[in-house]
Amino acid sequence: MTKRTQLLKGIMEACILKIINDDVVYGYELSEKLQNLGLDAVSEGTIYPILLRLQKNSFIYSKKRDSDFGPRRKYYFITEEGREALNLMIEEWDKIAEPIDTILKEDTQHVRKSTDKREQ
Amino acid sequence: MSEKALIKENNRLREKLNPHNKQVYEDILIYIRTNYTSDDEETEEILNELLTHVIQSQRDGKNIESVTGEDYKSYADSIIEELPRRNLWKFAGIIAVVFLGITYLFSYLTDLIFRLIDGAPTTITINLLAEFIHIIVMSAAAVGFVFLIFRTMQFTLFKNWPVWKESGLVFLIGTGSFIIIILLAFLTDLIDIGPSFEISMWILILLGIALVATGLWLIFKPEKNAGRYEKQ
């Protein structure tokens with residue numbers, strides 16, 4: 001799990017930030033959303049270290065609120081800095097998502113190299 | 001919520017866990033709490049958040065492993081890694097002040113009582129250099145002692161050791177370092193160079209009381225920056 005988490009860390013950070021951007025959530029809700037979106041290979045608790053880091057970077061902040069039923073819960077809100085960071089992450093992702101998908105799934109053997117031209 | 005209120009809440013909510021979840025959660029709790037580099041309040045905040053999460057998972061028929069994964073230690077480490085650091089110097093300072101206070105109080109109090117019974121004079125001669133070195137060495141030793149005990153407790157967690165083995169190791173390391181502290185105290189008292197002066201033992205005992213009181217005040221005073229992350 002630990003090795004996989006390393007790879008997932010940055011991507012998870014962006015996903016969590018996006019979910020908080022779309023709606024105010026508390027921890028359990030957030031993990032439920034991730035699970036329901038299909039990220040169920042990740043343990044639910046993985047969100048907490050990431051939430052701590054997002055708070056440290058002032059991308060999100062938390063506030064305790066009464067919930068509809070049950071105890072007071074810690075809800076997370078996105079900050080202006082968080083929104084900016086999220087936009088940047090989405091921009092970066094747009095640039096790399098397709099090429100990475102191609103590289104990892106398709107056969108790259110036939111892709112032209114710059115040296116091919118010189119050899120001709 | 002203050003750190004104390006959070007701990008109280010945690011103690012109350014923890015009873016809702018089933019035996020297995022409770023045992024695992026408490027191991028994680030001790031492991032994270034004995035990590036003396038993390039800020040206390042943030043630590044308690046995240047511990048409570050994790051606890052309410054596990055309780056809710058339990059209601060949904062899931063075990064704590066669905067939250068933490070099977071490797072409890074690396075999960076706890078991943079949280080510690082992201083927790084804000086506390087002011088270690090201040091923390092060490094408080095330990096040193098309390099420990100020095102206690103040693104002054106006890107070593108001179110017993111001595112004073114015997115002298116009062118015997119009707120002996122209650123002033124003693126103190127070597128300035130020896131006393132200075134004594135304070136430095138004892139403070140460092142006390143801080144080292146506390147940190148070592150915390151580390152030992154962390155080390156034994158998640159190992160599924162039997163209780164005798166766990167408490168045995170803590171006991172051995174505890175007594176071992178205690179003997180070293182006593183030896184150090186004895187050695188620094190042997191220093192006999194430089195100026196010395198006479199002082200009433202009452203003053204030293206009062207100093208001890210003042211140090212302990214200061215330390216306790218520093219530990220229990222209300223926190224100023226409560227809810228650092230909360231914005232209104």
Side-chain angles (χ1 to χ4, degrees), chain A residues 1-6 8-10 12-13 16 20 24-36 39-82, chain B residues 1-2 5-6 8-10 12-13 16 21 24-25 28-29 32 38-39 41-85 226-232:
Chain A
M1 194 64 224
T2 41
K3 266 179 211 154
R4 204 197 299 174
T5 315
Q6 280 301 328
L8 276 179
K9 251 184 190 174
M12 286 290 285
E13 226 178 291
I16 289 173
I20 295 173
V24 171
V25 284
Y26 62 89
Y28 196 79
E29 278 180 339
L30 174 63
S31 79
E32 268 186 328
K33 282 195 180 200
L34 287 169
Q35 306 273 314
N36 293 339
L39 275 176
D40 45 9
V42 189
S43 320
E44 295 171 28
T46 336
I47 59 169
Y48 292 107
I50 298 172
L51 286 170
L52 280 172
R53 191 166 24 179
L54 289 172
Q55 284 182 92
K56 256 196 286 191
N57 294 338
S58 312
F59 291 168
I60 56 172
Y61 66 94
S62 65
K63 207 170 159 182
K64 286 224 177 80
R65 263 199 196 168
D66 291 319
S67 53
D68 297 342
F69 57 95
R72 283 171 75 77
R73 291 209 167 89
K74 205 170 160 190
Y75 286 88
Y76 290 95
F77 303 81
I78 196 162
T79 63
E80 206 38 60
E81 285 141 291
Chain B
M1 233 193 287
S2 75
L6 286 166
K8 234 179 168 177
E9 169 119 328
N10 194 305
R12 190 176 62 81
L13 287 176
K16 297 189 177 183
N21 287 355
V24 174
Y25 176 79
I28 293 176
L29 175 132
I32 295 180
S38 312
D39 181 88
E41 200 193 321
E42 303 296 338
T43 300
E44 295 307 324
E45 282 262 352
I46 196 76
L47 282 174
N48 274 20
E49 219 177 341
L50 183 64
L51 177 58
T52 49
H53 191 122
V54 176
I55 290 172
Q56 208 159 350
S57 292
Q58 186 178 286
R59 275 195 206 124
D60 291 348
K62 289 178 275 185
N63 256 346
I64 193 165
E65 281 77 13
S66 68
V67 181
T68 60
E70 299 284 337
D71 188 351
Y72 314 127
K73 186 177 174 294
S74 60
Y75 180 68
D77 280 332
S78 74
I79 285 185
I80 288 172
E81 201 185 312
E82 298 300 337
L83 276 171
R85 298 277 165 264
R228 193 160 59 85
Y229 283 139
E230 292 194 16
K231 283 187 185 169
Q232 291 310 310

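Being a predicted model, the structure only gives us computed values, none of them experimental. The figures here come from the full heavy-atom set of this structure, side chains too, leaving out hydrogens, waters and symmetry mates.
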Would you name the heavy atoms of B:Leu6 and A:Lys64 that are closest together and state the gap between them?
CD2-NZ, 4.2 Å
Evaluate the side chain to side chain contact (heavy atoms under 4.5 Å, CB included) criterion for residues B:Glu42 and A:Lys56: first the C-alpha distance (whole Å), next the side-chain angles of each, then the deciding distance (0.1 Å), finally the verdict.
CA-CA 11 Å; B:Glu42 303 296 338; A:Lys56 256 196 286 191; over 6 Å; no
B:His53 versus A:Ser31, closest heavy-atom pair with distance
CE1-OG, 3.2 Å
Quick one: what part of B:Leu83 sits under 4.5 Å from any heavy atom of chain A, side chain, backbone, both or neither?
both
If we define contacts as heavy-atom pairs under 4.5 Å, which of B:Val54, B:Asn48, B:Asp60, B:Leu50 has the most with chain A?
B:Asp60
Stepwise side chain to side chain contact (heavy atoms under 4.5 Å, CB included) test for B:Thr52 and A:Tyr28
CA-CA 8 Å; B:Thr52 49; A:Tyr28 196 79; over 6 Å; no
Under 4.5 Å, counting heavy-atom pairs only, tell me which of B:Glu65, B:Lys62, B:Glu70, B:Glu82 racks up the most with chain A.
B:Glu82
Looking only at heavy atoms, what is the nearest atom pair of B:Ile79 and A:Leu52, with distance?
O-CD1, 3.9 Å
Do the side chains of B:Tyr75 and A:Pro49 get nearer than 4.5 Å, heavy atoms only?
yes
Honestly, the part of B:Ser66 sitting under 4.5 Å from a heavy atom of chain A is both
Could you check whether any side-chain heavy atom of B:Gln56 comes within less than 4.5 Å of a side-chain heavy atom of A:Glu44, counting everything from C-beta outward?
no
